Amino acid sequence: MIQIVFFFFAAVTVGAAINVIAQKHVLYSALSLILLLTAMSVLFILLRADFLAVIQVIVYAGAIMVLFIFVIMLLNLPRDEDGADRLRWLKFIGIPLGLFFLFLVGATVWNVEPSSAQPQLVGSAQAIGQSLFTDYVLPFEATSLLILIALIGAVVFAKKDL
Amino acid sequence: MIEYLTSSVFIILMIKIIVIFGGVMGALAYLTWVERKVMARVQMRPGPTRVGPYGLLQPIADGLKFLFKEDVVPTNANRFLYIAAPVISLIPALLSFSVIPFGPWLQVTDLSVGLLFIFAITSLGVYGIALGGWASNSKYPLMGAMRSSAQMISYELSLTLSVVGVLMIANTLSLNQLVLSQRNTWLGFLPRWNIFVQPVAFLVYVVSAIAETNRLPFDLAESEQELVAGWHTEYSSLKFAMFMLAEYANMVTVSALATIMFLGGWSGPMFGPGWMQAILPTIWFVLKIFVFIFFYVLLRSTIPRFRYDQLMKFGWKVLLPLSLANIVATSFIVAIS
């Protein structure tokens, strides 16, 4: 049963990912990205990482992508058709680089031992909170500082005279 | 696979889903009747009276009418997204009922992160509105969609943050555990509801919830005088009905969440024989939700609409700081005690 669910949503994830780059219309690409994020959160649930799954939808699909869609809708961009010729040389570099990346990811995944940690103990909200505020407190605070700086930067850009 | 499909676990789950889904859909249909009737009485009108006694068959007549009306798709609309938008807004609205505990046993599944699940799912509902407005390829819907999504994003912040204080006290994200944590009483008569310990959070939550569901006095997205009907101006027949169902479903969801977090959910006095004890929690829960719905309808029929800049200022400069201050104060008190 779980396998059926996994393969279905894995297929949706991969299909949506391909669709993001295959679509000519930017809005459809953004919508595929939302589908991708939602399908991926199901994969997180299958790994018993409920909290991550939900946060992924809240933060990425529910907040960040809304702004993307907003901008795309307001700008009403034309279909991107003549842009493809200009970057033709990228195809020749892109394909070998992509294959190399795929090889790297595959090799890493192949070599990793299955984790012996209890999935319920790692993926719950309590466990993530615990590790964020003990082992990873410095990266956590550094990230929040970075976000704060970005926020202030955005305000400075938006307001011409403060 | 076959064993699972015939096991009693699966069958009980299916029965629960059918009971909850059927109950919710019926309730949503009759909410339109309640809203029209209450609003009419507030404004000294009789309301619907023609179809059935007290107009009680009106929702059925309306439903049939929605089914048989011509389904119009504007010529220049983006056909695919135009048809998908109502579905995108209805599915998340109905999906959130899968984790709401209607009683100690009447709950489809008790997720450990149930509360966040509802916030995640309902935040996807914005896409239905945004896409519907954009795909109509018409001015008023686009304006309405933009307003509505900006409003929903803004008020989602204070809605989510107002809940944090309650979570710190209850120490859980599961909705059923939240209800269980409020079951006892103080001094023998005052129920241990979070509304008494988190009054500020309750106020912020209720106000943001009204804005989040695009209801008056915050229904800038469909302000008739300026935008005809906002994002669903071009929609007709069943697609319009789906938008409306989603709106009512969201209303019930935020009311149910308010009940669960601040008013003790399905807990209440238990008495009578066994079969009554089994259904009493559900009755308490539904009654508490109904109080909120009634309040919504009263607001709609008595209060004028905000201006758009007032709405944004109120959300960002009043509600958001208030909910942040509430979090700081609550965490301080929780840390001390």
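No experiment lies behind these values; they were computed from the predicted model shown. Numbered from 1 within each chain, the chains take letters A, B, ... in sequence-line order.
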> Any chance you could measure B:Ser112, atom OG, to A:Gln126, atom CD, to the nearest 0.5 Å?
7.5 Å
> Below 4.5 Å, heavy atoms only, C-beta onward: do B:Val113 and A:Ile55 meet side chain to side chain?
no
> At their closest point, which heavy atom of B:Leu124 faces which heavy atom of A:Ala61, and how far apart are they?
CD2-CB, 3.9 Å
> Is the count of non-hydrogen atoms from other residues, nucleotides or ligands lying under 6.0 Å from A:Phe8 atom CZ greater than 12?
no
> Can you tell which part of A:Ile45 gets under 4.5 Å to a heavy atom of chain B, answering side chain, backbone, both or neither?
neither
> Show your working on side-chain contact (heavy atoms from CB on, under 4.5 Å) between A:Asp50 and B:Leu116 and close with a plain yes or no.
CA-CA 10 Å; A:Asp50 303 5; B:Leu116 293 178; over 6 Å; no
> Heavy-atom cut-off 4.5 Å, strictly under: side chain, backbone, both or neither for A:Ala63 against chain B?
neither
> Just so I know, are the side chains of A:Tyr28 and B:Leu81 near enough to count as touching, which here means a heavy-atom distance under 4.5 Å?
yes
> Determine the minimum heavy-atom distance between A:Met65 and B:Tyr127, stating which atoms define it.
CB-OH, 3.1 Å
> Quick one: sort the B:Trp134 and A:His25 rings into parallel, tilted or perpendicular, breaks at 30° and 60°.
perpendicular
> With a 6.0 Å cut-off (strictly less than), is the heavy-atom count around CZ of B:Phe80, excluding the residue itself, greater than 12?
no
> Assess whether atom OH of B:Tyr308 is packed by more than 12 heavy atoms of other residues, nucleotides or ligands within 6.0 Å.
yes
> Any chance CD of B:Gln310 has more than 12 other-residue heavy atoms, nucleotides or ligands included, within less than 6.0 Å?
yes
> Which heavy-atom pair separates A:Gly62 from B:Ser123 by the least distance, and what is that distance?
CA-OG, 3.5 Å
> Rounded to the nearest 0.5 Å, what's the gap from CD1 on B:Ile88 to CD1 on A:Ile34? Could you check?
8.5 Å
> Which bit of B:Met152 comes within less than 4.5 Å of chain A, counting heavy atoms only: side chain, backbone, both or neither?
neither
> Pick from B:Val126, B:Leu173, B:Asn171, B:Leu131: which one has the most heavy-atom pairs with chain A under 4.5 Å?
B:Leu131
> Any idea which of A:Leu27, A:Thr38, A:Val59, A:Leu67 has the most non-hydrogen atom pairs under 4.5 angstrom with chain B?
A:Leu27
